[in-house]
2 protein chains.
Amino acid sequence: MPDSEFALETFLPYLLNQAAEASSLAFQQVYKDRYGMLRTEWRVLFHLGLYGSMTASEIGQRARMHKTKISRAVNRLSKRRFVERVRDDVDRRVEHLSLTVKGRAAYQDLRQTAERYEAQLLAPFTVKEVALLRQALGKLTNTPPDFFT
Amino acid sequence: MPDSEFALETFLPYLLNQAAEASSLAFQQVYKDRYGMLRTEWRVLFHLGLYGSMTASEIGQRARMHKTKISRAVNRLSKRRFVERVRDDVDRRVEHLSLTVKGRAAYQDLRQTAERYEAQLLAPFTVKEVALLRQALGKLTNTPPDFFT
DNA sequence: GTGTAATAGTCGTGTTTGTAACTAACAAGC
DNA sequence: GCTTGTTAGTTACAAACACGACTATTACAC
């Protein structure tokens, strides 16, 4: 009765999801416990920490997040004084976002933690393997299959 | 102001999430459009298609899904007659789940689609790269970092 | 100027999820 | 028998998400 020609365990999207979930779990705990942040908020924080001042839609493009997600994340972050919003004088639709001192501190802390965390994740692999893995993941992200059968 | 020592674009959990999302998207559309299924339901369907009759908790262990997720997925699947539930005579807490004819048809269809889909995803890679990728993802899934700093 | 389209960001509502509490059935000790 | 603990699965409620509709502002055409 069982059908073993096609193994779910090797189906790539499934594997990717499992790995993504497993590798996010422990770190998720960190930013949640220390700063009460959600993943969306942590991503916004990181983008601002990395690139300095950005607008919501710039973050959206880089992070491939929907603007409603960003809007809400920014809202929460600014309510807790991690993020500062400054309206653009010229185009008053636009808001320039940047980290407050508190936000920068959180970012620094989480960034360091992330580095150490990643080192643990990558420990079982060789340098070459890591490079290949990163490259492959990038390719998979940027080559969406045009699939409508 | 920006800080480029640590690039978010290379942070592994981030990459994994992006790749997982991108590679799931198109296929998600398929089982959603054709059968109105959610990812959880698709997973349950696939496990039952692959392994034949299983209980909810067996699926949970294999798929690393929480039992409430499975409970709801099975509920929806059985309401739409994709899945049949039979209570165990000996241990009446247990339910044996299996696919109906309709469920098996959906499974066959989606399985074939999944195969072709995966072939597209893997097209840009060599056989060796694919093997390494699968192996790496497996390792990442099964080596949860013990991280509580 | 007026009208139309586009863009930045927010809000509202239904859906899905996560967490914990719950019921029902079994098991083991006494 | 009667307790205590464990397991299978469900339910309840709050948190998070997706999606579309919405406001406000700018841009462009005429």
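Every chain is numbered from 1, with letters handed out A, B, ... down the list of sequences.
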- Nucleotide interval of DNA chain C bounded by contacts with chain B (heavy-atom cut-off, under 4.0 Å): dT16(C) to dC26(C)
- Partner set under ring pair (Phe, Tyr, Trp, His ring centres under 6.0 Å) for Y35(A), not counting sequence neighbours: none
- Which of N75(B), T100(B), L77(B) passes side chain to side chain contact (heavy atoms under 4.5 Å, CB included) with V83(B)? Answer is L77(B)
- Contacts of E95(A) meeting salt bridge (Lys or Arg N to Asp or Glu O under 4.0 Å) (sequence neighbours excluded), chain-then-number -> R85(A), R87(A)
- Query: Taking only residues two or more places apart in sequence or in another chain, which ones pass side chain to side chain contact (heavy atoms under 4.5 Å, CB included) with A19(A)?
  - Reply: L16(B), L137(B), L140(B), T141(B)
- Message: Can you pull out the residues from residues 72-82 of chain A that lie within a 4.0 Å heavy-atom distance of DNA chain D?
- Response: R72(A), R76(A)
- With D88(A), which residues qualify under salt bridge (Lys or Arg N to Asp or Glu O under 4.0 Å), at least two apart? none
- Item | Pairwise salt bridge (Lys or Arg N to Asp or Glu O under 4.0 Å) hits with a residue in residues 59-79 of chain A, at least two apart | E41(A)-R76(A)
- Query: Could you give the CD-to-P distance, from Q28(B) to dC17(D), as a whole number of Å?
  - Reply: 15 Å
- Item | side chain to side chain contact (heavy atoms under 4.5 Å, CB included) against E58(A), all qualifying residues, sequence neighbours excluded | M54(A), T55(A)
- Message: Can you tell me which residue among F46(A), Y31(A), Y51(A) is in a ring pair (Phe, Tyr, Trp, His ring centres under 6.0 Å) with Y107(A)?
- Response: F46(A)
- Sorted by number, residues from residues 54-70 of chain A placing a heavy atom under 4.0 Å from DNA chain D are T68(A), K69(A)
- Quick one: side chain to side chain contact (heavy atoms under 4.5 Å, CB included) partners of E129(B), sequence neighbours excluded? L132(A), F125(B), T126(B)
Short N/O separations, protein against nucleotides 23-26 of chain D, under 3.5 angstrom:
from    : atom 1 : to     : atom 2 : distance (Å)
dT25(D) : O2     : R93(A) : NH1    : 3.1
dT26(D) : OP1    : V90(A) : O      : 3.2
dT26(D) : OP1    : R92(A) : N      : 3.0
dT26(D) : OP2    : R92(A) : NH2    : 3.4

- Message: For P13(B), is there any backbone N or O sitting under 3.5 Å from a side-chain donor or acceptor partner on N17(B)?
- Response: yes
- Item | Same cluster (ILVMFWY, side-chain, under 4.5 Å), L99(B) and L38(B) | no
- Check: F27(B) ring centroid to F11(A) ring centroid under 6.0 Å: yes
- Message: Using a heavy-atom cut-off of 4.0 Å across all strands, would you classify R85(B) as base, sugar-phosphate, or nothing?
- Response: sugar-phosphate
- side chain to side chain contact (heavy atoms under 4.5 Å, CB included) against E21(B), all qualifying residues, sequence neighbours excluded: none
